[in-house]
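Everything below concerns the one structure shown next.
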Protein chains: 2
Amino acid sequence: MDLENLKQAGLKITVPRLKILHILHSGCKRHFTVDEIYQELIKQKASVGLATVYRVLAQFEACNLVSRVQLYNDQATFEAGQDRDHHDHMICIKCGKIVEFCDDIIEERQEKIAKKYGFKLKKHHMVLFCKCQNGCKNKEK
Amino acid sequence: MDLENLKQAGLKITVPRLKILHILHSGCKRHFTVDEIYQELIKQKASVGLATVYRVLAQFEACNLVSRVQLYNDQATFEAGQDRDHHDHMICIKCGKIVEFCDDIIEERQEKIAKKYGFKLKKHHMVLFCKCQNGCKNKEK
DNA sequence: ATTCTTGCAAAAGGTTTGCACGCCT
DNA sequence: AGGCGTGCAAACCTTTTGCAAGAAT
């Protein structure tokens, strides 16, 4: 349970932390920019400062309640969920829909390519930018 | 020839543009952050403003003399060379050495994965972070 | 009581823009 | 003269930090 993680990490159960946890887990959305969370807090009329959102997310990251993912070039994005297995992301450039996937063949090739050049692969970063084929009528993000 | 591109794009041949072009093509290095170029200009005692570096690189990008690549999360990076074929990057996290590569198997898998989820792949972003195996004694970047 | 948290404002770091001066034709 | 190009400073945007006041145990 999330609250256990907080306690174990020596973090107190506070209103801002609970509200942010709630946002992270409500609905089917799992990826949030800092500003998305901040705007949601404003919508809920919670008086939580932007600096607090940044601080809390960094703390959550440290105790594995969220992980930081680089989906866009300009804003930090956090992904809800604990101890997730490795995966990459596919994003619809029109509606923003995100799909997580992991492809063994690609993972294997990456290792081989690194080895071929005398490198040892430490991590990788891969995002596929796509368009949903059906039913995505939203405007470009 | 580079100067032709400039003229065709309606850009005048000026000292800052020539100096930046020269930096882009001298040596074997092909990837530069804005600041690397700016620092090199300072080292050469060229009085070129940082804003100019940004503006010139944006213009060079528009006429295909450089392309913008997202290698680090915090700083824009530009790659010298015109009309390059698609490729991805592998970076040594210790010495910063960059290798460009393109793997058909990965490219093909990316298409397939997109299709599998009902997406149409438009572009992708992939960077492998590695360690050189031999002879890389530099400190972490 | 003590330690942790927070909101606010200011600072930081990278990038862009406004503006007046300068250069070239 | 006219327009493009430039340096400088100021503005911008996201993120971080300092600090004094407030909460949690």
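Quick note on labels: first sequence line is chain A, next is B, and so on, each numbered from 1. These values consider heavy atoms only, across backbone and side chains, with no hydrogens, waters or symmetry-generated copies.
Residue contacts for B:Leu50: at a heavy-atom cut-off of 4.0 Å it reaches a base atom on one of the strands shown. Among the heavy atoms of the strands, none lies under 4.0 Å from B:Asp35. Residue contacts shown for A:Val15 are absent, as no nucleic acid heavy atom lies under 4.0 Å away.
Counting to the nearest Å, the C1' atom of D:dA23 and the CD1 atom of A:Ile13 are 13 Å from each other. What separates CG of A:Leu3 from P of D:dT25 is a distance of 11 Å, to the nearest Å. Put simply, CD on A:Glu36 is 12 Å from P on D:dT14, counting in whole angstrom units. Whole-Å rounding puts the A:Lys7 NZ to C:dT5 P distance at 14 Å. Between B:Asn73 atom CG and C:dG13 atom P the separation is 17 Å, expressed in whole Å. Computed from coordinates, the B:Gln70 CD to C:dG14 P distance equals 14 Å when rounded to whole Å. Atom OH in B:Tyr38 sits about 10 Å away from atom C1' in D:dC8, given to the nearest Å. Taking atom CG of A:Leu6 as the reference point, atom P of D:dA23 lies 20 Å away to the nearest angstrom.
For D:dT6, the OP1/OP2 oxygens have a side-chain nitrogen or oxygen of B:Thr14 closer than 4.0 Å. Between B:Tyr54 and the phosphate of C:dT16, there is no side-chain N or O to OP1/OP2 separation shorter than 4.0 Å. Close to D:dG7, at under 4.0 Å from its OP1 or OP2, lies no side-chain N or O of B:Arg55.
The aromatic rings of B:Phe101 and A:Tyr117 are tilted relative to each other, their planes meeting at an angle between 30° and 60°.
With C:dT6, D:dT14, D:dG7 as the choices, the nucleotide that has an atom nearest any side-chain atom of A:Gln75 turns out to be D:dT14. Candidate nucleotides D:dT16, C:dT6, D:dT6 were compared by shortest atom distance to the side chain of A:Ala51, and D:dT16 ranks first.
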| message | Walk me through whether A:Gln110 and A:Ile106 qualify under side chain to side chain contact (heavy atoms under 4.5 Å, CB included). | response | CA-CA 6 Å; A:Gln110 290 173 329; A:Ile106 289 180; 3.8 Å; yes
| Worked verdict on A:Ile20 versus A:Phe60 for side chain to side chain contact (heavy atoms under 4.5 Å, CB included) | CA-CA 10 Å; A:Ile20 293 174; A:Phe60 284 5; 4.0 Å; yes
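A distance-only check finds no donor-acceptor pair linking the side chain of A:Arg30 to the backbone of A:Glu79 [under 3.5 Å].
Not a single donor-acceptor pair, N or O on each side, falls under 3.5 Å between the base of D:dT25 and the side chain of A:Lys12.
Cation-pi contact between A:Lys123 and B:Phe129: present, with separation from the ring centre below 6.0 Å and deviation from the ring axis of at most 45°.
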